[in-house]
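Down below is the structure, laid out as structure tokens.
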Amino acid sequence: MNQRRVTWATIAVLVAAVSSSNAFAGTLDDVRERGKLKCGVNTGLAGFASIGSSGDWEGFDIAICRAVAAAVLEDAKAVEFVPTTGKTRFTALASGEVDLLARNSTHTFSRDTDLKLDFAGVNYYDGQGFLVPKALGVTSALELDGATVCIQTGSTSELNLADFFRANSLTYEPVPIESAGEGQQQYLAGSCDVMMTDASSLAASRSTFEDPANHIILPEIISKEPLGPVVRHGDNDWADIVGWTLNAMISAEELGISSENVAELAAQEGENPEINRMLGTEGNLGEMINLDPKWVVNVISSVGNYEEVFEANIGKDTPLGLERGQNALYTDGGLIYSPPFR
């Protein structure tokens, strides 16, 4: 009996030791060994993910990739961007072609369970909308009976479109497209009457038109589209890093930490305990996820807080002209909210 107790006790100790040594094995180790993060992004969506005039990738979703690289590698530029379409994005993630997907992807039941993906948070609350030429003469989606609709395959848009038209006893003819870029081309060429996708994507597309004022986004928003970064199911440690990097950007806005003052705030322990914990002047939050104590400092100094990223890429003073709306902090009537850093 004593021998059995010793045996089981020994096994328990060995299992605990192995579990501890492998606590951060997986994607984190791969990224560090490689020296760069492979991030799946849109093939091109103004404001969210596109190649700028400098030849570098830029946009709201691109900032998530750079923030994770800053947290893990202390270098926001250590990212290889991998363009993916609606059809290829989840395969690229599942196969290991990318470490992270930051590509306006909607968190749904089937994607979370059947595709074995983990959504690490929501960085943009959106909904399905309709873009039409003013010349079409409609002011509501309920007037679109018999319309041809450009719709991206492999997206939640297909089901939302079918559900809306069926529920309202309307008919339509789908025009399948592979990417936002192809959708714009088909729409502008007159191959479809309507372009349908997330309202933010419609605003992004319209901002690139020669005559954006001649195109309107109809008032109906027909779905919930919580968009956010995605990782492979089963690598909880990597999911923690991605999720808490996003949370750090959100909490930084709430607490008044920005790219302009983060270095000063991190130089010494201040009066706010949560700021101290985030910036590594108190506690050991970085150690808990195997990151440098100053990982949040690296993130905010590299890409900024949530507000800075939003306003610089898609906010009211950009060509997209998006208001914060649902994407305001919860303290301002929005849905953006981070769990506490403690």
Side-chain angles (χ1 to χ4, degrees), residues 15-40 61 63-76 78-79 90 93-94 96 98-103 105 107 111-113 115-124 226-255 257 273-303 305-306 309 336-342:
V15 169
V18 170
S19 298
S20 176
S21 65
N22 289 333
F24 299 101
T27 308
L28 177 61
D29 287 344
D30 292 341
V31 171
R32 283 179 167 160
E33 182 177 353
R34 191 189 309 124
K36 63 181 177 182
L37 171 73
K38 294 192 294 184
C39 199
D61 289 334
I64 292 293
C65 304
R66 295 200 184 280
V68 173
V72 173
L73 301 171
E74 301 179 29
D75 182 1
V79 185
F90 298 128
L93 178 61
V98 299
D99 308 305
L100 164 66
L101 187 66
R103 187 200 176 283
S105 298
H107 187 169
R111 288 173 177 176
D112 195 4
T113 58
L115 293 186
K116 301 295 187 279
L117 303 175
D118 283 340
F119 286 77
V122 177
N123 71 330
Y124 193 90
L227 311 177
V230 194
V231 298
R232 284 180 291 276
H233 185 70
D235 195 342
N236 294 344
D237 301 310
W238 181 246
D240 286 344
I241 288 172
V242 175
W244 282 100
T245 296
L246 173 58
N247 288 335
M249 297 166 67
I250 293 169
S251 286
E253 178 186 355
E254 181 183 351
L255 295 169
I257 306 170
E274 186 160 21
I275 292 178
N276 295 338
R277 289 191 292 268
M278 286 179 62
L279 303 187
T281 59
E282 178 182 323
N284 64 337
L285 297 189
E287 181 183 343
M288 292 181 187
I289 52 176
N290 201 26
L291 295 180
D292 186 270
K294 299 294 185 183
W295 68 279
V296 175
V297 178
N298 294 333
V299 170
I300 304 304
S301 61
S302 298
V303 303
N305 64 30
Y306 183 88
V309 171
I336 297 296
Y337 185 102
S338 167
F341 279 74
R342 64 167 60 253

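Throughout, numbering of the chain's residues begins at 1 and tracks the sequence.
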Value for CG (Leu227) from OH (Tyr124), rounded to nearest 0.5 Å, stands at 8.5 Å
So CG of Asn123 and CG of Asn247: to nearest 0.5 Å the spacing works out to 11.5 Å
For this session: State whether the side chain of Asn305 and the backbone N or O of Met249 hold a donor-acceptor pair below 3.5 Å, judged by distance alone.
Result: no
| query | Judged by atom type as modelled, is there a donor-acceptor pair below 3.5 Å linking the side chain of Asp235 to the main-chain atoms of Thr27? | reply | yes
Here the gap from Ile275 atom CD1 to Glu254 atom CD, rounded to the nearest 0.5 Å, amounts to 10.0 Å
Quiz item: Does Phe341 offer a backbone N or O that forms a donor-acceptor pair with the side chain of Arg277 under 3.5 Å?
Solution: yes
- Message: Checking Met278 against Leu255 for the side chain to side chain contact (heavy atoms under 4.5 Å, CB included) test, could you report, in this order, the C-alpha distance in whole Å, the side-chain angles of both residues, the deciding distance, and whether it holds?
- Response: CA-CA 10 Å; Met278 286 179 62; Leu255 295 169; 3.6 Å; yes
Closest non-hydrogen atoms of Val231 and Ala239, given as atom of the first, atom of the second and distance, are CG2-CB, 3.7 Å
I'd like to know if the side chain of Tyr306 and the backbone of Leu246 have a donor-acceptor N/O pair within less than 3.5 Å. no
Heavy atoms of Trp244 and Ser338 approach each other most closely as CZ3-OG, 4.5 Å
Could you tell me whether Lys36 and Asp75 make a salt bridge, using a distance below 4.0 angstrom between a side-chain N and a carboxylate O? no
Lys116 and His233 have their tightest heavy-atom pair at O-CB, 2.8 Å
Could you check Leu28 against Ile241 for side chain to side chain contact (heavy atoms under 4.5 Å, CB included), going step by step and ending with a plain yes or no?
CA-CA 9 Å; Leu28 177 61; Ile241 288 172; 3.9 Å; yes
- Any donor-acceptor pair under 3.5 Å linking the side chain of Arg232 with the backbone of Leu93? yes
Taking the side chain as everything from C-beta on, heavy atoms only, tell me whether Leu37 gets closer than 4.5 Å to Leu100.
yes
Rounding to 0.5 Å, atoms OH (Tyr337) and OG (Ser251) come to a distance of 9.5 Å
Note: Ala71 and Leu291 closest approach over all heavy atoms is O-CD2, 3.6 Å
For Asp118 and Gly234 the tightest heavy-atom approach is OD2-N, 3.8 Å
From the list Val72, Leu279, Ile300, Thr245, side-chain contact (heavy atoms from CB on, under 4.5 Å) partner of Trp295 resolves to Thr245
Separation between CD1 (Ile257) and CD (Glu274), nearest 0.5 Å, reads 8.5 Å
Looking only at heavy atoms, the pair that brings Ser301 and Asn298 closest together is OG-O, 3.3 Å
